[in-house]
*Asks:* 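The structure's right below; bear with me while I get my questions together.
The analysis underlying the following values was restricted to heavy atoms, covering all of them including side chains, and did not include hydrogens, waters or symmetry mates. Just so it is clear: chains get the letters A, B, ... in the order the sequence lines come, proteins before strands, and each one is counted from 1.
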Protein chains: 2
Amino acid sequence: MTTLRDIALIAGVSGATVSNVLRNRGFVGAETSARVREVAQRLGYRPNPMAQALANGRAPTIAMVFSDLANPFYSMFALEAERAARRRDHFLLVCHAAKPDGTLDTAYLGAVAGRLSGGVLILGSDLGRADLLSAVPNGVPTVLAMWEDAADHPSLPCVTLDFREAGRLAADHLLALGHRRIAVLAGARGDRVSHGARLEGATARLREAGVLGGATLEEDSIGGGHRAAMRLLEAEPRPTAILATNDLLGIGAIQAAGERGLAVPRELSVVGITDIWLAAEMRPALTTVDIDTRRIADASVNALLDLIAEPDALARDALRIVGRPSLVRRASTAQAP
Amino acid sequence: MTTLRDIALIAGVSGATVSNVLRNRGFVGAETSARVREVAQRLGYRPNPMAQALANGRAPTIAMVFSDLANPFYSMFALEAERAARRRDHFLLVCHAAKPDGTLDTAYLGAVAGRLSGGVLILGSDLGRADLLSAVPNGVPTVLAMWEDAADHPSLPCVTLDFREAGRLAADHLLALGHRRIAVLAGARGDRVSHGARLEGATARLREAGVLGGATLEEDSIGGGHRAAMRLLEAEPRPTAILATNDLLGIGAIQAAGERGLAVPRELSVVGITDIWLAAEMRPALTTVDIDTRRIADASVNALLDLIAEPDALARDALRIVGRPSLVRRASTAQAP
DNA sequence: CTGTTAGCGCCTTCAG
DNA sequence: CTGAAGGCGCTAACAG
């Protein structure tokens, strides 16, 4: 492994000079500069990020903590986060930090937080809040992304969106299509709703329109949506539309409709929220509310990196709402029958 | 940030002693030992991984390089890889290293490889081989996972499976069900087949059975499978089965069948390869060949960590075939009509 | 402009 | 059993 010192010796200068040249600090004469560069080039010198990190107290990575990388939403988010991090010369450490019981693995996080990684980005959509505050060691720059209820977020800098509005948009869409019997399907973990704000936004709007909005809770997955919808579609009179608080649930609902012999969207409309890539790939393609995952990922990473650079940049409970949910009309919704 | 020295001062011992205590080296008296632990505990001491890495020349992370994290297969793999890494006290750095043109970003990899991360795990299913060998700096422990053609892998330690066999199993299954008009759908990037071995395995078997096996190439995605299948299903006589070299393609094919008004599996059987989670969640659920992603992820990570620990442990072109593909019968295949 | 001198936080000899 | 000393590779003052 060729080090700074190696090239210093060969180029006949001191380590500091090499460092200055390579980091374009400018304090160096053209000739030495050229010579140093040449040697570095020839030896294939690559600075050691660990050493740099140690020396200037700044880690070149950030840690992203989530509960399920296999979930398409999280993987989309991770993808965008990695790009955003890279744009600012950082690497992304992925930490699947949920223990089997769903709580955060504190010991594990403690090992990375603030040292190996300069800060922690927590994808919070389904983590307990008590948990959250204790998981990351005190003083480590932390940003919470995608927290469901912006109005009531934990005392951490938080980058998220207006999930209530997303719920409203979904409801508005169905109402505008003339639906009155609308079943609401909300994601939950055990008996705790994970999509509270979307649910509230949706049901509030439905109620305003005089439509009753009870909600069915289910595990947030295609299978969960399927199970719940199978039940809902047995009701008499049958709902003409299903509003799912997440795309996976919506996709499951469409499948259930298929099995019950109901045509989507003719006999049943289904709308989701999030706009994961799968929504567009389904047949019929799922109408959904786009929440602009990419911008949120960007903003979260940037907020975290800013916070790392300047620990007082953000108030401890700063809140940033990014983007505006927007309806993406596809093939799963139509005029009420 | 509390350091080794801090606790040394408070406990009234030297840094070395603290280190010895905390790493259970045993050379230390019970009393001092207890005292040191107590102080460390009280101060919430956490060793700095960067410093450790620098001191003992061993990074606590490995880098995983892939071309598309949003692809469900890769995210499954990443999930398992992260777990495997963690079991051996390492963190996982995700590197989306493909540049827009599909080649690897050498500069980017160079920055991590062998320093920030102790080694590199390349998920190779659709990277060019020339590219591959030059992307990672010489001498950096590297393992190639999921390379398609085990018989012809680049000169890197390689952990993969028998994709040919996977192709054969898929073909056998359809043949056993009495299908004779079988269309093969293979993933490609541009005009280069990405699933060569599966394709060969499948077509060889089909030919043995006297069934003609031309293949249609398409981009490996649901949309690609859909497009290709729409074309295939126009043929006269229509195929009674579609063998897709990847699940996404298979899922797309099922959708296409639906649009063409063909019942799956009654009028058209579809089989995929890989068994991503989505395969089980589709309706009808996709029959596919399970390749045991988890074991491969485990084995890859372990191979890489072994290689890092002992750079000569593996021959430069060591090959490890992990697991045995197995058919997972679900609802998308049935007796030929 | 360039070199010297201290560290960053930790680990590992090696004396005592 | 314990402490002192040196080094991992790099950066940041500070002299010259």
*Asks:* From D/dG9, D/dC10, C/dC10, pick the nucleotide closest to the side chain of B/Gln52?
*Replies:*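 Looking only at side-chain atoms, B/Gln52 lies closest to C/dC10.
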
*Asks:* For atom CZ of B/Arg35, decide whether the heavy atoms of other residues, nucleotides or ligands shown that lie under 6.0 angstrom number more than 12.
*Replies:*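 Counting neighbours around CZ of B/Arg35, more than 12 heavy atoms of other residues, nucleotides or ligands fall under 6.0 Å, so yes.
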
*Asks:* With a 4.0 Å cutoff (strictly under), does any side-chain N or O of A/Thr17 reach OP1 or OP2 of C/dG3?
*Replies:*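 Yes.
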
*Asks:* Walk me through whether B/Ile122 and B/Leu144 qualify under side-chain contact (heavy atoms from CB on, under 4.5 Å).
*Replies:* CA-CA 5 Å; B/Ile122 303 186; B/Leu144 181 58; 4.0 Å; yes

*Asks:* Distance check, rounded to the nearest 0.5 Å: A/Thr142 atom OG1 versus A/Ile62 atom CD1?
*Replies:*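 Rounded to the nearest 0.5 Å, the OG1-CD1 separation comes to 11.5 Å.
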
*Asks:* Please check if atom CZ in B/Arg294 has more than 12 non-hydrogen atoms from other residues, nucleotides or ligands closer than 6.0 Å.
*Replies:*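 No, not enclosed.
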
*Asks:* Mind calculating the distance between CZ (A/Arg46) and C1' (D/dC10) to the nearest angstrom?
*Replies:*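 The answer, rounded to whole Å, is 15 Å.
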
*Asks:* Measure CG/A/Asn48 against C1'/C/dC8 and give the value in whole Å, please.
*Replies:*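 Result: 13 Å.
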
*Asks:* May I ask you to say what B/Leu4 touches in the nucleic acid, namely base, sugar-phosphate or nothing, with a heavy-atom cut-off under 4.0 Å?
*Replies:*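 B/Leu4: backbone/sugar contact only, no base atoms under 4.0 Å.
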
*Asks:* Contact class for A/Arg115 (heavy atom, under 4.0 Å): base, sugar-phosphate, or nothing?
*Replies:*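 Nothing, no nucleic acid heavy atom in range.
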
*Asks:* What's the CG-C1' distance between A/Leu22 and C/dT2, to the nearest Å?
*Replies:*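 Between C1' of C/dT2 and CG of A/Leu22: 16 Å.
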
*Asks:* When you get a sec, tell me which of D/dC10, C/dC1, D/dA12 is the closest nucleotide to the side chain of A/Thr32?
*Replies:*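 That would be C/dC1.
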
*Asks:* Counting only side-chain heavy atoms from C-beta out, which of C/dC11, D/dG3, C/dT2 sits nearest to B/Asn56?
*Replies:*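 The answer is C/dC11.
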
*Asks:* Do any side-chain nitrogens or oxygens of B/Arg23 fall under 4.0 Å of OP1 or OP2 in C/dC10?
*Replies:*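 For C/dC10, neither OP1 nor OP2 has a side-chain N or O of B/Arg23 closer than 4.0 Å.
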
*Asks:* In whole Å, I'd like the distance from the CG atom of B/Leu116 to the P atom of D/dG9.
*Replies:*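 It is 15 Å, rounded to the nearest whole Å.
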
*Asks:* What's the CG-P distance between A/Asn20 and D/dT11, to the nearest Å?
*Replies:*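 Going from A/Asn20 (CG) to D/dT11 (P), I get 9 Å.
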
*Asks:* Mark yes when over 12 heavy atoms from residues, nucleotides or ligands other than B/Asp152 sit less than 6.0 Å from its CG; otherwise mark no.
*Replies:*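 Yes, CG of B/Asp152 has more than 12 neighbouring heavy atoms, counting only those of other groups under 6.0 Å.
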
*Asks:* Of the nucleotides C/dC10, C/dG3, D/dC10, which one has an atom closest to the side chain of A/Ala16?
*Replies:*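 Nearest listed nucleotide: C/dG3.
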
*Asks:* Is A/Arg5 close enough to D/dC10 that one of its side-chain N or O atoms is under 4.0 Å from OP1 or OP2 there?
*Replies:*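 False: A/Arg5 side-chain N/O out of range (4.0 Å or more) of D/dC10 OP1/OP2.
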
*Asks:* Against A/Gln52, only a single residue in A/Pro47, A/Pro60, A/Ser19 fulfils side-chain contact (heavy atoms from CB on, under 4.5 Å); can you say which?
*Replies:*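 Testing each of A/Pro47, A/Pro60, A/Ser19 against A/Gln52, the sole residue satisfying side-chain contact (heavy atoms from CB on, under 4.5 Å) is A/Pro47.
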
*Asks:* Whole angstrom is fine here: how far is it from CG in B/Leu9 over to P in C/dG9?
*Replies:*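 Rounded to whole Å, this separation is 13 Å.
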
*Asks:* Over all strands shown, is B/Gly29 touching base, sugar-phosphate only, or nothing at heavy-atom distances under 4.0 angstrom?
*Replies:*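 Sugar-phosphate only.
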
*Asks:* Just how far, in rounded Å, is P of C/dC11 from CE of A/Met50?
*Replies:*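 Whole-Å distance recorded here is 14 Å.
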
*Asks:* Could you check which of D/dC10, C/dG9, C/dC11 has an atom nearest any side-chain atom of A/Ala55?
*Replies:*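 Minimum distance to the A/Ala55 side chain belongs to D/dC10.
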
*Asks:* Compare the minimum distances between each of C/dT4, D/dG9, C/dG9 and the side chain of B/Thr3, then state the nucleotide with the smallest one.
*Replies:*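 Taking heavy atoms from C-beta onward, the closest nucleotide is C/dG9.
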
*Asks:* Heavy atoms only, 4.0 Å cut-off, all strands: where does A/Met1 land among base, sugar-phosphate and nothing?
*Replies:*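 Result for A/Met1 = sugar-phosphate.
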
*Asks:* Could you check how far CG of A/Leu54 sits from P of C/dA6, rounded to whole Å?
*Replies:*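 Taking CG of A/Leu54 and P of C/dA6, I get 19 Å after rounding.
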
